[in-house]
Amino acid sequence: MVSTDRLLAFAAMSSLLIVIPGPSVLFVIGRALAQGRRAALTTVVGNTLGAYVLVVAVALGVGAVVERSVLVFTGLKLIGAAYLVYLGVRAFRQRGSLREAFAGDAPAAHGSLRTLAEGFAVGVANPKTIVFFAAVLPQFVDRGAGHVTLQMLELGFVFNVIAIVSDSAWGLVAATTRGWFAGSPRRLSMVGGTGGLAMIGLGVTVAVTGRKN
């Protein structure tokens, strides 16, 4: 088990990273504006599951490979960026259907599963989280205490608890502003288009930023 002082220090550092909106948070906000509260929270769950896959990868030693290899890191970053652009283009093209989606605010089961999968894909390809887990998480492990893998999984769990609370808050706040658009098809179309363009811009930003060496 991780000592209390290490756990608190890691939680504090995690909080500093999490409160700064990154790809996952901006994706959740876009979903909240375009599809509502339920889609936003489903996206948060998907993001969290994706992020915890990264924790498991780091705990098993894969994170060190990603951190040391510019090629692997860049490949993962570009895959995530391309996926964000794809989702943004799709959201922009489907912006006219938001009024129907708003009426029930309850996507079908296959729609929820797809939203969960898309959130997972964004979470697992988030370059900010990849770097944090690969470079920072291992520094809080007490190797002398043994059970290194379990310590990393515990620290990763703490990170994801903080993230799911923070991201959910972002999503719920964004979803409350969505109601203003309900009375106007033009406004709904505008928010759908804006959300799509924001995701495209986010994808491009992810692609051109980050570690170069």
**Request:** Could you state whether M13 and I164 fall into the same hydrophobic cluster, counting links through intermediate Ile, Leu, Val, Met, Phe, Trp or Tyr residues with side-chain heavy atoms under 4.5 angstrom apart?
**Result:** no
**Complete:** Residues passing the side chain to side chain donor-acceptor pair (under 3.5 Å) test with T129, sequence neighbours excluded, are N126
**Message:** Show the nearest heavy-atom pair for residues N47 and G119, with the distance to one decimal.
**Reply:** OD1-O, 2.6 Å
**Request:** Might you point out which heavy atoms bring A59 and T149 nearest each other, and give the distance in Å?
**Result:** O-OG1, 3.6 Å
**Asked** Are V44 and V55 in one and the same hydrophobic cluster, where Ile, Leu, Val, Met, Phe, Trp and Tyr link if side-chain heavy atoms are under 4.5 Å apart?
**Response** no
**Asked** Shared ILVMFWY cluster between I18 and V173, side chains joined below 4.5 angstrom?
**Response** no
Pair up each side-chain donor or acceptor in residues 151-163 with any protein partner under 3.5 Å, not counting sequence neighbours, and list the distances.
| residue | atom | partner | partner atom | Å |
| --- | --- | --- | --- | --- |
| Q151 | OE1 | D142 | N | 3.0 |
| Q151 | NE2 | D142 | O | 2.9 |
| Q151 | NE2 | G146 | O | 2.6 |
| E154 | OE1 | V2 | N | 3.2 |
| N160 | ND2 | G156 | O | 2.8 |

**Item:** Atom pair OG/CZ of S3 and F10 - distance to nearest 0.5 Å
**Value:** 13.0 Å
**Message:** Less than 4.5 Å apart, side chain to side chain, heavy atoms only: is that true for L172 and L41?
**Reply:** yes
**Approximate separation, where rounding is to 0.5 Å, of F120 CZ and T43 OG1** = 13.5 Å
**Message:** Among residues at least two apart in sequence or on other chains, which ones pass side chain to side chain contact (heavy atoms under 4.5 Å, CB included) with T42?
**Reply:** R38, T115, L116
**Prompt:** Which pair of heavy atoms, one from R31 and one from A40, lies closest together, and at what distance?
**Reply:** CB-CA, 4.5 Å
**Asked** Is a side-chain donor or acceptor of S168 paired with a backbone partner of V165 at a separation under 3.5 angstrom?
**Response** no
**Item:** Heavy-atom pair of closest approach, residues L54 and G123
**Value:** CD1-O, 3.7 Å
**Asked** Hey, any chance L7 and F133 share a hydrophobic cluster, counting ILVMFWY side chains that come within less than 4.5 Å of each other, even indirectly?
**Response** yes
